[in-house]
J.: 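My structure is below; once you've seen it, I'll send some questions.
Note that the structure is predicted; figures quoted are calculated from it, not measured.
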Amino acid sequence: MSFEHLNLIEPLVKALKSSGYTKATPIQDQAIPVILQQRDLLGCAQTGTGKTAAFALPILQMLHQQRPTHKSRTVRALVLAPTRELAIQVAESFGVYGKHTGIRHVAIY
């Protein structure tokens, strides 16, 4: 399934296209709509199947749509990772997917 059919906003679709992503993987196809409905989800998939995008894309979309009314420096989302390397990898993914949203991110370890 294409990312457009997952009701992702244009800045995310644009970032995905410019990064060479053409269609959603099964974990993304199943997880993104559930997370966009703000429902809890526990997903499991093998390495390399796009799990990070499955949770990062809906998080970025919700943050983009729920912009604070004032200039704020508060934490609006927190992703925990078990290792420094994975934290860096997840942060890099947020940067790639969210590059057209204006949302800032940082890896802390």
J.: Does atom CD of Gln46 have more than 12 heavy-atom neighbours, drawn from other residues, nucleotides or ligands, at distances under 6.0 Å?
T.: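 12 or below, so no.
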J.: Starting at OG1 of Thr49, measure out to CD1 of Ile27 and round the result to the nearest 0.5 Å.
T.: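 Between atom OG1 of Thr49 and atom CD1 of Ile27 there are 6.5 Å.
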J.: Mind checking side chain to side chain donor-acceptor pair (under 3.5 Å) for Thr74 and listing every partner two or more places apart, or none if nothing turns up?
T.: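 Thr74 satisfies side chain to side chain donor-acceptor pair (under 3.5 Å) with Ser72 once adjacent residues are dropped.
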J.: Test your reading of the model: is there a side-chain donor-acceptor pair from Thr101 to the backbone of Ile103, 3.5 Å cut-off?
T.: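 Yes, the answer is positive, given that a donor and an acceptor are paired below the 3.5 Å cut-off.
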J.: To the nearest 0.5 angstrom, please state how far the CG atom of Leu12 sits from the NE2 atom of His100.
T.: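 Leu12 CG to His100 NE2: 9.5 Å, rounded to 0.5 Å.
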J.: List the atom of Gln65, the atom of Ile9, and the distance in Å for their closest heavy-atom pair.
T.: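 For Gln65 and Ile9, the tightest heavy-atom pair comes out as NE2-CG2, 3.5 Å.
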J.: Say you draw a straight line from CG of Leu36 to CG of Leu6; how long is it, rounded to the nearest 0.5 Å?
T.: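 Going from CG on Leu36 over to CG on Leu6, the span is 8.0 Å.
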J.: Would you please classify the geometry between the Phe94 ring and the Phe55 ring as parallel, tilted or perpendicular, with 30° and 60° separating the classes?
T.: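 Correct class here is tilted.
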J.: Who passes side-chain contact (heavy atoms from CB on, under 4.5 Å) against Ile88, sequence neighbours left out?
T.: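 With sequence neighbours excluded, Ile88 shows a side-chain contact (heavy atoms from CB on, under 4.5 Å) to Arg84, Glu92, Tyr109, given in chain and number order.
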J.: Quick one: do the Lys99 and Ser18 side chains pair a donor with an acceptor below 3.5 Å?
T.: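 Indeed, the side chains of Lys99 and Ser18 share at least one donor-acceptor pair under 3.5 Å.
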J.: Rounded to the nearest 0.5 Å, what separation is found between the OG1 atom of Thr25 and the NZ atom of Lys51?
T.: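 Reported to 0.5 Å precision, the distance equals 9.0 Å.
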J.: Of all the heavy-atom pairs spanning Ala91 and Ala107, show the shortest one and how long it is.
T.: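 Distance-wise, the nearest heavy atoms are CB-CB, 3.7 Å.
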J.: Of all the heavy-atom pairs spanning Ala15 and Tyr97, show the shortest one and how long it is.
T.: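 For Ala15 and Tyr97, the tightest heavy-atom pair comes out as CB-O, 3.4 Å.
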J.: Mind running side chain to side chain contact (heavy atoms under 4.5 Å, CB included) on Leu8 and Leu16 for me, showing each step along the way?
T.: CA-CA 10 Å; Leu8 292 175; Leu16 290 167; 4.1 Å; yes
J.: Does anything in residues 14-40 pair up under salt bridge (charged side-chain N to carboxylate O under 4.0 Å, His left out), and if so which pairs, sequence neighbours excluded?
T.: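 For residues 14-40: Glu4-Lys17.
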J.: Determine whether Leu57 and Gln28 satisfy the following criterion, side chain to side chain contact (heavy atoms under 4.5 Å, CB included), listing intermediate values before the conclusion.
T.: CA-CA 9 Å; Leu57 292 168; Gln28 296 162 352; 5.6 Å; no
J.: List the atom of Ala54, the atom of Ile32, and the distance in Å for their closest heavy-atom pair.
T.: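 For Ala54 and Ile32, the tightest heavy-atom pair comes out as O-CG1, 3.7 Å.
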J.: Report the distance from atom CZ of Arg67 to atom CZ of Arg76, rounding to the nearest 0.5 Å.
T.: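 If I round to the nearest 0.5 Å, the distance is 7.0 Å.
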